[in-house]
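Below is one structure, written out as structure tokens, with a few remarks after it.
Numbers here simply count residues along the sequence, with the first being 1. For clarity, every value in this text was computed on a predicted model and none was experimentally measured. Read the numbers this way: they start at 1 and go in the same order the structure lists the ligands and their atoms.
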Amino acid sequence: MNQTTNPYMPYPVRIDRITSENEARDLKTFKVVFLDPEHTKAFHHIPGQFAELSLLGKGESPIGIASSPTEEGHLLFTVKKTGVVTGELHNLTEGKVIGVRGPLGKSYPIDRMKGKNVVIVGGGFAFTTLRALTKYMIDDGNRDDFGEITVIYGARSPGELLYKEELKEWEARDDLKTYITVDKGDGNWKGREGFVPTVLEEVAPSSKDALIAVCGPPIMIKFTLPVIKKLGFAPSDTILSLEMRMKCGIGKCGRCNIGSKYVCKDGPVFTLEELDVLPNEY
Ligand SMILES: Cc1cc2nc3c(=O)[nH]c(=O)nc-3n(C[C@H](O)[C@H](O)[C@H](O)COP(=O)(O)OP(=O)(O)OC[C@H]3O[C@@H](n4cnc5c(N)ncnc54)[C@H](O)[C@@H]3O)c2cc1C
Ligand code: FES
């Protein structure tokens, strides 16, 4: 049996590498590989989608896929230690086998982004699927499909920034404008200080022929949306990725709805235009 015949059936994957992302050690990136090469071929995701990670006897957690499909042969998940499932995941060592069910949900609208300028705005550990999107767009085979790409990413402190080495590589590229910021630096921090919405306002990317994709904590979203509006991005060109409590991940259990929409199936990626007509429960 596989996910074609049973959507609740996870693929077994082996944890190939675990990278600790922050000083508090409560954020780890898990690189996983499918045990069966046929499953590698069967799993086709698009940036923005998520998967349910499962641990026998503990349960499942929805986690955004942090790797781009252009990074072949493995998947990346960056997980914050929060409770039962994520806590147990953090206790595992390389070589252990877990389950991956997916890919699930709607992706970022890559086709609509083609030929346009794209602005990425991320905050904290919610940057995961935006990393997947950026990696996808800057891949040699895809870069020419997109116009100017601007990435604005912030975290509370330098130690809380995800993918630190990769961010340095992005900053060095001349086909990508990368602005990294922290709320407050430490003694070693020589970079930018300031909240993400303020940096977005300073950078002021043009909204002409552009889409903007945003993912971050609710407080960041709250202060970023007015800036996006001021910059002139239409609600239909403003893309948000939401995190809600979920169970089935496939629109069956009714655990994740906002009004008539299921975040797991109709999202987690929505345009602001779609969200504007829903109750403000996200
Ligand atoms: C589409 C989607 C993508 C996500 N991507 C990521 C990701 O890339 N990395 C990551 O670390 N987390 C991500 N999350 C959040 C993650 O699913 C929860 O943190 C996780 O399910 C908690 O499981 P647990 O068993 O460890 O915690 P539990 O023991 O179930 O709960 C511990 C605490 O976390 C709270 N909690 C549980 N689930 C959620 C949730 N979905 N949102 C907010 N609070 C919750 C509970 O209220 C409780 O206080 C995502 C969630 C969704 C819906
Ligand atoms: S998680 Fe079951 S309907 Fe969305």
## Note on the structure
Residues pairing under ring pair (Phe, Tyr, Trp, His ring centres under 6.0 Å) where one sits in residues 139-181, two or more places apart or in two chains, turn out to be Phe127-Tyr153

[atom]: nearest protein contact (heavy atom, Å):
| atom | answer |
| --- | --- |
| atom 31 (O) of ligand 1 | Gly83 CA, 4.3 Å |
| atom 22 (C) of ligand 1 | Ser61 OG, 3.8 Å |
| atom 9 (N) of ligand 1 | Thr78 O, 2.8 Å |
| atom 53 (C) of ligand 1 | Met244 O, 3.0 Å |
| atom 12 (N) of ligand 1 | Ile63 CD1, 3.6 Å |
| atom 15 (C) of ligand 1 | Glu243 OE1, 3.6 Å |
| atom 38 (N) of ligand 1 | Arg245 CD, 3.3 Å |

Note: [X]-[Y] ion pair, threshold 4.0 Å (strictly below):
| X | Y | answer |
| --- | --- | --- |
| Arg101 | Glu60 | yes |
| Arg112 | Asp237 | yes |
| Lys177 | Glu148 | yes |
| Asp183 | Arg156 | no |
| Lys31 | Asp16 | yes |
| Lys106 | Glu274 | yes |

Specify side chain, backbone, both or neither for [X], according to which of its non-hydrogen atoms lie closer than 4.0 Å to ligand 1.
| X | answer |
| --- | --- |
| Phe125 | side chain |
| Lys80 | both |
| Val263 | neither |

### Query
Considering only heavy atoms from C-beta outward, does the side chain of Leu76 approach that of Phe30 to under 4.5 Å?
no

Nearest protein heavy atom to [atom]: under 4.0 Å?
| atom | answer |
| --- | --- |
| atom 18 (C) of ligand 1 | no |
| atom 43 (C) of ligand 1 | no |
| atom 34 (O) of ligand 1 | yes |

### Task
Keeping waters out of it, list the protein N, O or S atoms under 2.8 Å from atom 2 (Fe) of ligand 2.
Cys248 SG, Cys253 SG

### Query
Is Leu75 reachable from Leu55 through a run of hydrophobic residues whose side-chain heavy atoms are each under 4.5 Å from the next?
yes

Can you name the atoms of ligand 1, numbered from 1 with element, that are less than 4.0 Å from a heavy atom of [X]?
| X | value |
| --- | --- |
| Thr128 | 8 (O) |
| Gly64 | 3 (C), 4 (C), 5 (N), 6 (C), 7 (C), 8 (O) |
| Val79 | 11 (O) |
| Thr86 | 24 (P), 26 (O) |

### Query
Strictly by modelled atom types, are Thr29 and Glu21 linked by a side-chain donor-acceptor pair under 3.5 Å?
yes

#### Entry: Partner set under side-chain hydrogen bond (donor to acceptor under 3.5 Å, both in side chains) for Arg173, not counting sequence neighbours
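Arg173: side-chain hydrogen bond (donor to acceptor under 3.5 Å, both in side chains) contacts with Asp175.
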
### Task
Please say which of Asp145, Ile149, Leu211 ends up in a side-chain contact (heavy atoms from CB on, under 4.5 Å) with Met113.
Leu211

### Message
Would Val84 count as being in polar contact with ligand 1, using the rule that some N or O on each side must be under 3.5 angstrom apart?
### Response
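In this structure, Val84 places an N or O atom under 3.5 Å from an N or O of ligand 1.
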
### Message
Measuring from atom 50 (C) of ligand 1, which candidate in Ala132, Ala51, Pro62 has the nearest non-hydrogen atom?
### Response
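The option holding the nearest heavy atom is Pro62.
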
### Residue selection (non-hydrogen contact nearest atom 25 (O) of ligand 1) among Thr29, Val85, Thr82, Leu162
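That would be Val85.
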
### CZ (Arg143) with more than 12 external heavy atoms under 6.0 Å
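Yes - once you tally the heavy atoms of other residues, nucleotides and ligands closer than 6.0 Å, there are more than 12.
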
### Task
Go through the steps to decide whether Leu161 and Ile180 satisfy the test side chain to side chain contact (heavy atoms under 4.5 Å, CB included), and finish with yes or no.
CA-CA 9 Å; Leu161 288 166; Ile180 307 300; 3.7 Å; yes

### Message
Looking at every heavy atom in both Ala210 and Lys116, which two are closest together, and how far apart are they?
### Response
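The answer is N-CD, 4.3 Å.
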
Side-chain donor-acceptor pairs under 3.5 Å in residues 222-229, sequence neighbours left out?
from, atom 1, to, atom 2, distance (Å)
Thr224, OG1, Met220, O, 2.6

